[in-house]
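Okay, structure first, notes after.
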Amino acid sequence: QVQLVESGGGLVQAGGSLRLSCAASGRTFSRYAMGWFRQAPGKEREFVAAINWSGGITEYADFVKGRLTISRDNVKDTVSLQMNSLKPEDTAVYYCAVTVRGSNWYSPDYWGQGTQVTVSS
């Protein structure tokens, strides 16, 4: 059974940093693309960043603009999201996800439960 467990969310002031982590279990995750999505109150869930199986290819949403960095550790089966220069509009629940079937990392197959990130102005 696939399990994704996020951690690292919290309350931070604008301009601050947070590092989100996602621990994966139940599969050999080094084979699969993984990503982060977020959902702000009253809005649809949106893509934030993704990384391919080896870590050699990454993709970011336009609003990231160099502030966020996705990385993975295939030995520990973890994926992380380093978030710098946070803005109040980054406030959302952040979800870890993995794409097991196919190659479309915008439509992952499994999701974590989410971790809240709140950025105060």
Side-chain angles (χ1 to χ4, degrees):
Q1 182 178 358
V2 173
Q3 279 196 319
L4 302 172
V5 180
E6 301 96 335
S7 61
L11 174 64
V12 64
Q13 288 188 332
S17 298
L18 281 175
R19 185 176 180 85
L20 306 184
S21 293
C22 173
S25 62
R27 289 248 186 180
T28 305
F29 286 93
S30 59
R31 301 177 181 176
Y32 307 119
M34 300 188 74
W36 289 93
F37 292 71
R38 71 183 188 184
Q39 187 167 20
K43 295 187 177 181
E44 294 186 353
R45 187 155 49 188
E46 62 180 350
F47 170 80
V48 175
I51 188 167
N52 78 326
W53 66 273
S54 69
I57 300 173
T58 58
E59 183 174 344
Y60 297 93
D62 289 342
F63 61 77
V64 169
K65 295 182 180 178
R67 301 183 297 119
L68 278 61
T69 303
I70 188 170
S71 60
R72 67 188 297 161
D73 184 330
N74 283 343
V75 174
K76 297 181 179 179
D77 278 343
T78 59
V79 61
S80 299
L81 186 67
Q82 177 67 42
M83 305 191 296
N84 300 324
S85 302
L86 284 164
K87 307 175 182 180
E89 51 264 43
D90 293 319
T91 295
V93 177
Y94 283 72
Y95 297 90
C96 172
V98 61
T99 301
V100 173
R101 292 177 286 272
S103 59
N104 183 0
W105 57 28
Y106 302 111
S107 298
D109 302 295
Y110 298 98
W111 299 86
Q113 83 288 349
T115 186
Q116 177 70 47
V117 171
T118 302
V119 184
S120 63
S121 58

List the atom pairs, with distances to 0.1 Å, where a side-chain N or O of residues 72-86 and a protein N or O form a donor-acceptor pair under 3.5 Å, not counting sequence neighbours.
residue	atom	partner	partner atom	Å
Arg72	NE	Asn74	OD1	2.7
Arg72	NH1	Tyr32	O	2.7
Arg72	NH1	Asn52	O	2.8
Arg72	NH2	Phe29	O	2.7
Arg72	NH2	Tyr32	O	3.0
Arg72	NH2	Asn74	OD1	3.3
Asp73	OD1	Val75	N	2.9
Asp73	OD1	Lys76	N	3.1
Asn74	ND2	Trp53	O	2.9
Gln82	OE1	Arg19	NH1	3.2
Gln82	NE2	Asn84	OD1	2.9
Asn84	OD1	Ser17	OG	2.9

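- Looking at Ile51, Ile70, Leu68 one by one, the single match for side-chain contact (heavy atoms from CB on, under 4.5 Å) with Trp36 turns out to be Ile70.
- Atom CD of Glu6 sits about 5.0 Å away from atom SG of Cys22, to the nearest 0.5 Å.
- Under the disulfide bond (SG atoms under 2.5 Å apart) criterion, no residue pair touches residues 52-94, with sequence neighbours excluded.
- Between the CD atom of Gln116 and the CD atom of Gln39 there is a distance of 10.5 Å, given to the nearest 0.5 Å.
- Hydrophobic cluster of Phe47: the remaining members, joined at side-chain heavy-atom separations below 4.5 Å, are Phe37, Ile57, Val93, Tyr95, Trp105, Tyr106, Trp111, listed by chain and number.
- Every residue two or more places apart in sequence or in another chain that forms a salt bridge (Lys or Arg N to Asp or Glu O under 4.0 Å) with Glu46 is listed here: Arg38.
- Residues Tyr60 and Phe63 are members of one and the same hydrophobic cluster, defined by side-chain heavy-atom contacts under 4.5 angstrom among Ile, Leu, Val, Met, Phe, Trp and Tyr.
- Taking OG of Ser121 as the start and NZ of Lys87 as the end, the distance is 14.0 Å to the nearest 0.5 Å.
- Heavy atoms only, all atoms of each residue included: Ala24 and Leu4 are closest at CB-CD2, 3.6 Å.
- Residues Val5 and Val98 do not share a hydrophobic cluster, defined by chaining ILVMFWY side chains whose heavy atoms lie under 4.5 Å apart.
- Under the side chain to side chain donor-acceptor pair (under 3.5 Å) criterion, Thr58 pairs with no residue, sequence neighbours left out.
- When the side chain to side chain donor-acceptor pair (under 3.5 Å) test is applied to Arg67, the partners found at least two apart in sequence or on another chain are Asp90.
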